[in-house]
Asker: 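Pasting a structure below so you can have a look.
Per chain, numbering begins at 1; letters A, B, ... match sequence-line order.
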Amino acid sequence: MNKKQKAYAEKINELLKAEYPEVKIALEYSNPFELLIATILSAQCTDARVNIVTKELFKKYKTPKSFIDIEIEELEKDIFSTGFYKQKAKSIKNCCSELMSKYRGEVPADFDKLKELPGVGRKTASVVVGNGFGIPAVAVDTHVKRISNLLGFISSDDAEKIEFRIKELLPPSEWVRFSHLIATHGRNVCFARKPKCNECVLSKLCPSYKKQN
DNA sequence: CTCCCGATAT
DNA sequence: ATATCAGGAG
């Protein structure tokens with residue numbers, strides 16, 4: 001009974017791969033540590049905005065220690081425009097402290113260890129292991145959540161359930177790219193507000209197609 | 001469940 | 001004015 005669902009998911013995966021052959025993560029970074037910080041900043045914020053902020057941020061802060069040594073008020077100013085800046089500043093400082101005390105300032109290439117860090121949940125940990133270390137992972141963001149329901153992979157708002165559902169539908173080799181494909185499609189075509197169903201390569205398969213327009 | 005919270009499109 | 005943006009902590 002799951003076989004049909006898997007074939008359906010793989011068909012969607014193939015269609016999106018054909019549509020976005022060069023898909024990759026939208027966040028800009030040059031090492032796992034920068035990726036971790038950028039992903040923490042990306043909560044409830046567009047990747048485009050995060051990239052504007054991190055372009056300057058990473059010139060100033062290059063190591064976990066550099067974030068610890070600065071006054072929190074100054075860090076808050078440096079990340080202000082990403083929103084939730086007080087929370088994020090606190091998360092980054094606490095996270096960097098633990099990186100220093102537990103991992104000698106290195107970002108662990110391990111989902112469970114990452115998830116234990118302050119300010120790091122399943123989504124952030126998945127992004128870092130998946131993109132920073134090439135370890136298969138599914139990052140469930142708002143797009144993956146919305147489109148998984150629209151496509152009928154699952155009927156749930158629980159990010160963890162959606163993550164496990166996608167993991168059983170697709171082979172591990174596809175997980176990271178699939179997350180990016182869905183996120184990209186969500187940004188370009190399948191918007192939350194007014195999706196462009198008439199331009200969507202999935203419209204013939206999508207159970208939600210008729211309800212729109 | 002609520003709170004954190006600015007930028008942007010509609 | 002309001003919804004939405006690669007969430008996580010308490």
Asker: Could you tell me how far B:dC4 sits from C:dA6 if I compare only their P atoms? Round to whole Å.
Answerer: 23 Å
Asker: Quick check on C:dC5: is either OP1 or OP2 less than 4.0 Å from any side-chain nitrogen or oxygen of A:T142?
Answerer: yes
Asker: Return the 5'-most residue of the pair A:I52, A:Q87 with respect to DNA chain B, ranking by each residue's nearest nucleotide.
Answerer: A:Q87
Asker: Using a heavy-atom cut-off of 4.0 Å across all strands, would you classify A:F80 as base, sugar-phosphate, or nothing?
Answerer: sugar-phosphate
Asker: Classify the side-chain pair A:R146/A:H143 by whether it contains a donor and acceptor separated by less than 3.5 Å.
Answerer: yes
Asker: Please classify the nucleic acid contact of A:I40 as base, sugar-phosphate, or nothing, using heavy-atom distances under 4.0 Å.
Answerer: nothing
Asker: Whole angstroms only, please: what is the CD1-P distance between A:I147 and C:dC5?
Answerer: 10 Å
Asker: Using a heavy-atom cut-off of under 4.0 Å over every strand shown, decide if A:T82 touches base, sugar-phosphate, or nothing.
Answerer: nothing
Asker: Would you mind classifying the nucleic acid contact of A:V120 as base, sugar-phosphate or nothing, using non-hydrogen atoms under 4.0 angstrom?
Answerer: sugar-phosphate
Asker: If we ignore angles and hydrogens, is there a donor and acceptor under 3.5 Å between the side chains of A:K161 and A:S155?
Answerer: no
Asker: Can you tell me how far P in B:dC5 sits from the matching atom in C:dT2, rounded to whole Å?
Answerer: 22 Å
Asker: Output the rounded distance in Å from CD (A:Q44) to C1' (B:dC4).
Answerer: 10 Å
Asker: Rounding to a whole Å, what distance do you find between A:R187:CZ and B:dT8:P?
Answerer: 16 Å
Asker: Do NZ/NE/NH1/NH2 and the carboxylate oxygens of A:E174 and A:K17 come within less than 4.0 Å?
Answerer: yes
Asker: Which residue lies toward the 5' end of DNA chain B, A:R193 or A:Y85, if each is placed at its nearest nucleotide?
Answerer: A:Y85
Asker: Starting at atom NZ of A:K90, determine the distance to atom P of C:dA9, rounded to an integer number of angstrom.
Answerer: 12 Å
Asker: For C:dA6, does either OP1 or OP2 sit under 4.0 Å from a side-chain N or O belonging to A:T124?
Answerer: no
Asker: Between A:E73 and A:K77 (salt bridge meaning N to carboxylate O under 4.0 Å), is one present in this structure?
Answerer: no
Asker: Mapping A:D47 and A:S91 onto DNA chain C by nearest heavy atom, which one lands closer to the 5' end?
Answerer: A:D47
Asker: So, do A:F84 and B:dC4 meet the stacking rule of ring centres under 5.5 Å and planes under 30°?
Answerer: yes
Asker: Using a 4.0 Å heavy-atom cut-off across all strands, classify A:K86 as base, sugar-phosphate, or nothing.
Answerer: sugar-phosphate
Asker: Which part of the nucleic acid, if any, lies within contact of A:A192, taking any heavy atom under 4.0 Å across all strands shown: a base, the sugar-phosphate backbone alone, or nothing?
Answerer: sugar-phosphate
Asker: Would you mind reading off the distance between A:K145 atom NZ and C:dA3 atom P, rounded to a whole angstrom?
Answerer: 17 Å
Asker: Between P on C:dA9 and CD1 on A:I92, what's the gap in Å once rounded to a whole number?
Answerer: 13 Å
Asker: Could you check how far CD of A:E160 sits from C1' of C:dG7, rounded to whole Å?
Answerer: 14 Å
Asker: Roughly, in whole Å, what's the span from CD1 in A:I162 to P in C:dA6?
Answerer: 16 Å
Asker: Is the closest basic N to carboxylate O distance between A:K86 and A:E76 below 4.0 Å?
Answerer: no
Asker: Considering just the side-chain nitrogens and oxygens of A:R49, establish if one lies under 4.0 Å of OP1 or OP2 belonging to B:dT8.
Answerer: yes
Asker: Please check if atom CD in A:E106 has more than 12 non-hydrogen atoms from other residues, nucleotides or ligands closer than 6.0 Å.
Answerer: no
